[in-house]
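For reference, the structure discussed in these notes is given below.
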There are 2 protein chains.
Amino acid sequence: MASTRDRILDALQDVLLDSGPAGATLDGVAQRAGVSKGGLLYHFRSKDDLFTGLLDRLSAGAAAADAATPPEPEAAARFFLEGSQSADSPEERTLLAALRLLGTHPPARARLASYLDDWAAGLRRTIDDPVTSRLVQLVGDGLFLHALLGAGDPDLDARVIALVLARTRPE
Amino acid sequence: MASTRDRILDALQDVLLDSGPAGATLDGVAQRAGVSKGGLLYHFRSKDDLFTGLLDRLSAGAAAADAATPPEPEAAARFFLEGSQSADSPEERTLLAALRLLGTHPPARARLASYLDDWAAGLRRTIDDPVTSRLVQLVGDGLFLHALLGAGDPDLDARVIALVLARTRPE
DNA sequence: GTCTATATGACGATAGAC
DNA sequence: GTCTATCGTCATATAGAC
C-alpha cells in the first residue's frame with residue numbers, strides 16, 4: 001500500500017516529466033496526487049522540502065543499482081550501458097525527474113553528481129582496469145544524455161557498445 | 001558595437017547561469033541589460049520570444065563549431081573531447097545557459113538535440129569509421145555531463161581520452 | 001525606441017475548521 | 001490528516017507618455 005507521501009512524490013515525478021519545473025506548482029502536484037494543497041503541505045512543509053524528498057528517493061535507488069550490478073566485468077558493463085539508454089524502470093523515471101530540478105533547485109546538482117558516482121561504484125568494483133571502467137561510465141553517460149534529449153541512433157550505438165564491451169574481456 | 005538586442009541576450013545568459021530559470025524574470029533580465037522592462041518587451045514580444053532568441057543564437061554557434069573542426073581525424077577528435085570538458089568560450093556559455101531552459105521552455109529539448117548533432121557533424125565528416133566517430137561523440141558527451149555536474153577526475157579522464165584518440169589513428 | 005504605470009493573474013504559505 | 005479560505009508577493013503583459 002503506497003503511503004500518501006509516496007503518492008505525492010509519484011505525482012511530483014509525473015508533473016516534472018511532462019510539464020517541467022514550471023508546471024511543478026504545489027497546486028499542480030497536489031491535484032495530481034489527489035490531495036489538496038493543505039494536505040500536501042502537511043507531508044512536506046515547503047516546496048524545497050518536497051524537492052528534497054524526491055532527491056532522497058533518488059539516493060535510495062543508487063544503492064539498489066549498485067547491489068544489482070552483476071559480478072562479471074562484461075556483464076556489469078552491459079548492465080550499465082543498457083540501463084543508460086532507456087527510461088522505463090521506476091528508478092529511471094526518478095532520475096529523469098530529478099534532472100529537471102537542475103537550475104531550479106540548487107542542491108540538485110551535487111546530489112545528482114553523487115548519484116552518478118554511486119551508480120558507477122559497481123563498475124569500479126567489478127572492472128579491474130580503472131581506465132576501462134571510466135570509459136564504460138563515460139560512454140554510458142553520453143548515451144544517457146542522448147536519451148534525455150531524445151536523440152541517438154540505436155543501431156550505431158549498439159555497435160559502439162559492442163566495441164566497448166570487447167575491452168572488458170581478458171585478452 | 002553590440003546591439004541592444006544582443007545585450008539583452010547576454011543578460012539573459014548571465015541570469016540563467018547564476019540564478020537559473022527561476023531568476024530569469026523579465027525584470028531581472030531587463031535590469032541586468034540596463035534597459036527597462038518595456039524596453040525589453042519592444043525587442044522581444046514575450047518571454048517565450050526571448051528564449052527563442054537564445055536558442056537561435058545557439059544554433060548559429062553550431063555552424064561555427066563545425067567550421068572550426070580540424071581536418072585531421074585525431075586533431076578533430078581532440079578538438080571535440082577537450083571542448084567537452086570546459087565552459088570558457090562564449091559559445092559554451094550560451095550552451096550552458098540554453099541547457100537550463102530544459103523543462104521550462106518545451107522547444108529547448110529538440111533544439112539542443114539538433115545542436116549536439118550539428119556539433120558532431122565535424123566528427124562524422126573527418127573520421128571515416130562511423131563507429132569510432134560515434135564513440136568519440138559519446139565519450140565527449142559523457143565528459144560534458146560530468147563537467148556540467150561538477151564531477152569528474154581529470155587525470156583518469158585524460159587517460160580515457162588518450163585511449164580513444166589512439167583509435168582514430170590509422171594502424 | 002525606451003520609459004512609467006497599471007491590470008491581471010498565479011504561486012507559496014498560513015490559519016483554522018472538521 | 002486532510003480540508004477550505006485567505007493573505008501577501010511577485011511575475012507577465014498592456015497602454016500610453018515621452
Side-chain angles (χ1 to χ4, degrees), chain A residues 1-57 97-98 100-109 111, chain B residues 1-57 97-108 111:
Chain A
M1 197 58 188
S3 67
T4 300
R5 216 186 129 90
D6 279 327
R7 287 206 329 279
I8 291 171
L9 288 178
D10 289 341
L12 171 61
Q13 288 185 186
D14 288 345
V15 169
L16 281 173
L17 287 172
D18 73 52
S19 315
T25 64
L26 297 182
D27 275 310
V29 174
Q31 187 177 354
R32 192 105 164 207
V35 295
S36 71
K37 182 157 51 172
L40 187 159
L41 284 165
Y42 171 78
H43 292 282
F44 300 95
R45 287 184 205 163
S46 67
K47 196 175 186 179
D48 249 52
D49 197 34
L50 178 63
F51 288 159
T52 301
L54 182 66
L55 294 172
D56 289 342
R57 173 185 275 194
R100 301 244 180 156
L101 295 182
L102 274 177
T104 319
H105 182 63
R109 175 181 295 233
R111 300 284 301 263
Chain B
M1 197 59 190
S3 66
T4 300
R5 219 186 127 89
D6 279 328
R7 287 205 331 285
I8 291 171
L9 287 178
D10 289 342
L12 171 61
Q13 287 185 186
D14 288 346
V15 168
L16 280 173
L17 287 173
D18 73 50
S19 314
T25 66
L26 297 183
D27 275 309
V29 174
Q31 188 179 353
R32 192 105 162 206
V35 295
S36 72
K37 182 157 49 173
L40 187 159
L41 284 165
Y42 171 78
H43 292 282
F44 299 95
R45 288 183 203 161
S46 68
K47 196 175 187 178
D48 250 53
D49 197 33
L50 178 63
F51 288 160
T52 301
L54 182 65
L55 293 172
D56 288 343
R57 174 185 275 194
L99 261 171
R100 301 244 178 156
L101 295 183
L102 273 178
T104 319
H105 182 64
R111 299 287 299 265

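Residue numbering restarts at 1 for every chain, and letters A, B, ... go by the order of the sequence lines. Predicted, not measured: the structure shown is a model, and the values here were computed from it. Only this structure's heavy atoms are used, side chains among them; waters, hydrogens and symmetry mates stay out.
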Reading DNA chain C 5' to 3', which nucleotide is the first, and which the last, to come under 4.0 Å of any heavy atom in chain B? C:dG1 to C:dT4
Rounding to 0.5 Å, atoms CG (A:Asp49) and CG (A:Leu54) come to a distance of 12.0 Å
Residues two or more places apart in sequence or in another chain: which of them pass side-chain hydrogen bond (donor to acceptor under 3.5 Å, both in side chains) with B:Asp48? none
Distance-only criterion, 3.5 Å: show the donor-acceptor pairs between side-chain atoms of residues 6-14 of chain B and protein atoms not counting sequence neighbours.
residue: B:Asp6; atom: OD2; partner: B:Ser3; partner atom: OG; Å: 3.3
residue: B:Asp10; atom: OD1; partner: B:Arg57; partner atom: NH1; Å: 2.8
residue: B:Asp10; atom: OD1; partner: B:Arg57; partner atom: NH2; Å: 3.2
residue: B:Gln13; atom: OE1; partner: B:Arg57; partner atom: NH1; Å: 3.0
residue: B:Gln13; atom: OE1; partner: B:Thr94; partner atom: OG1; Å: 2.7
residue: B:Asp14; atom: OD1; partner: B:Arg93; partner atom: NH2; Å: 2.6

B:His43 meets the ring-ring contact (aromatic ring centres under 6.0 Å, His included) criterion, sequence neighbours left out, with none
After noting the C-alpha distance and the side-chain angles of A:Leu102 and A:Arg109, does the key distance pass the side chain to side chain contact (heavy atoms under 4.5 Å, CB included) rule? CA-CA 6 Å; A:Leu102 274 177; A:Arg109 175 181 295 233; 3.9 Å; yes
Could you go through residues 18-29 of chain A and list every donor-acceptor pair under 3.5 Å that involves a side-chain atom there, pairing it with any protein atom two or more places apart or in another chain?
residue: A:Asp18; atom: OD2; partner: A:Arg32; partner atom: NH2; Å: 2.8
residue: A:Thr25; atom: OG1; partner: A:Gly28; partner atom: N; Å: 2.9
residue: A:Asp27; atom: OD2; partner: A:Lys37; partner atom: NZ; Å: 3.3

Hey, what bend do you get for the helix from C:dG1-D:dC18 to C:dC18-D:dG1 if you fit axes on five pairs at each end, rounded to 10°? 10°
I'd like to check the side-chain hydrogen bond (donor to acceptor under 3.5 Å, both in side chains) partners of A:Asp56; sequence neighbours left out, ordered by chain and number. A:Arg111
Any donor-acceptor pair under 3.5 Å from A:Arg100 side chain to B:Gly103 backbone: no
For residues 38-47 of chain B, pull every pair meeting salt bridge (Lys or Arg N to Asp or Glu O under 4.0 Å), keeping only residues two or more places apart or in separate chains. none
Nucleic acid contacts of residues 42-52 of chain A, taken as heavy-atom distances under 4.0 Å to DNA chain D: A:Tyr42, A:His43
Check DNA chain D against residues 8-37 of chain A and give the residues with a non-hydrogen atom under 4.0 Å, in numerical order. A:Val35, A:Ser36
